[in-house]
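Written below as structure tokens is the structure these notes are about.
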Amino acid sequence: MAQSAYDKAVSLLAIREHTKKELKEKLENKGYREDEISSSLERLENEGYISEERFAEVFIRSRLKKNPEGYTLILCRLMEKGCSREIASRALDEAWENRLWLDPLKRELEALTRRKGEEYAVAKMRQKGFTNSEIREAKEKDE
């Protein structure tokens, strides 16, 4: 018996958090009907399996840990994934208030400085959306 759109979505959510947009696209690519996708996503949202807020929080932490980027760049990435600007901004505001970016930025700056020099490291982090004041704060941390 073929797997329902709901069951397929649950199996995707078991791997990692997804936005409704991501799940919709994946289910469409698997050939599920539009009405089945819509009802499945609505059910998952009602049951609390889909949460744009939770997705945004997990995405921000993951992004900062693996490949630190600044506020605006992460905001754009969240919106590309299907997060509303409001939810993405709220999650980023909280992450920035809690300074979740500071240690990852410091580590990345140190690694790039060792490999390619301070000027390159600062330029690279500016390119990744960090502000001059964030970069300065990361460089001064624990000096």
Exercise. Do Arg43 and Tyr6 meet the cation-pi criteria used here (NZ or CZ under 6.0 Å from the six-membered ring centre, within 45° of the axis)?
Worked result: yes
Value for CD (Glu140) from CG (Leu102), rounded to nearest 0.5 Å, stands at 10.5 Å
Applying salt bridge (charged side-chain N to carboxylate O under 4.0 Å, His left out) to Arg126 and not counting sequence neighbours gives none
Hits for salt bridge (charged side-chain N to carboxylate O under 4.0 Å, His left out) against Arg136, two or more places apart or cross-chain, chain-then-number order -> none
Quiz item: Does Thr113 reach the main-chain N or O of Ala121 with its side chain, forming a donor-acceptor pair under 3.5 Å?
Solution: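 Not a single qualifying donor-acceptor pair exists.
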message = Could you check whether any side-chain N or O of Lys21 sits under 3.5 Å from a backbone N or O of Met79, counting only pairs where one atom can act as donor and the other as acceptor?
response =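 Between the backbone of Met79 and the side chain of Lys21 there is no qualifying donor-acceptor contact (under 3.5 Å).
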I'd like to know if [X] pairs up with [Y] as an ion pair, taking the criterion as any Lys NZ or Arg NE/NH1/NH2 lying under 4.0 Å from an Asp or Glu carboxylate oxygen.
{"X": "Glu36", "Y": "Lys8", "answer": "no"}
{"X": "Glu42", "Y": "Lys20", "answer": "no"}
{"X": "Lys106", "Y": "Glu110", "answer": "yes"}
{"X": "Arg61", "Y": "Glu57", "answer": "no"}

Tell me, with the steps shown, if Gln3 and Ser11 meet side-chain contact (heavy atoms from CB on, under 4.5 Å).
-> CA-CA 10 Å; Gln3 194 175 30; Ser11 69; 4.1 Å; yes
Original post:
Can Leu75 be reached from Met125 by stepping across I, L, V, M, F, W or Y side chains whose heavy atoms are under 4.5 Å apart?
Top reply: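 As far as the 4.5 Å side-chain criterion goes, Leu75 and Met125 are connected within one cluster.
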**Request:** Examine Ile135 and Leu92 and state if one hydrophobic cluster contains both, with Ile, Leu, Val, Met, Phe, Trp and Tyr joined whenever side-chain heavy atoms are less than 4.5 Å apart.
**Result:**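 Ile135 clusters together with Leu92.
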Item checked: Check against salt bridge (charged side-chain N to carboxylate O under 4.0 Å, His left out), Glu94 and Arg90 -> CA-CA 6 Å; Glu94 187 174 323; Arg90 202 168 41 241; over 6 Å; no
- Query: Got a sec, which residues hit ring pair (Phe, Tyr, Trp, His ring centres under 6.0 Å) with Tyr71, two or more places apart in sequence or on another chain?
  - Reply: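 For Tyr71 the ring pair (Phe, Tyr, Trp, His ring centres under 6.0 Å) partners, ignoring immediate neighbours, are Trp96.
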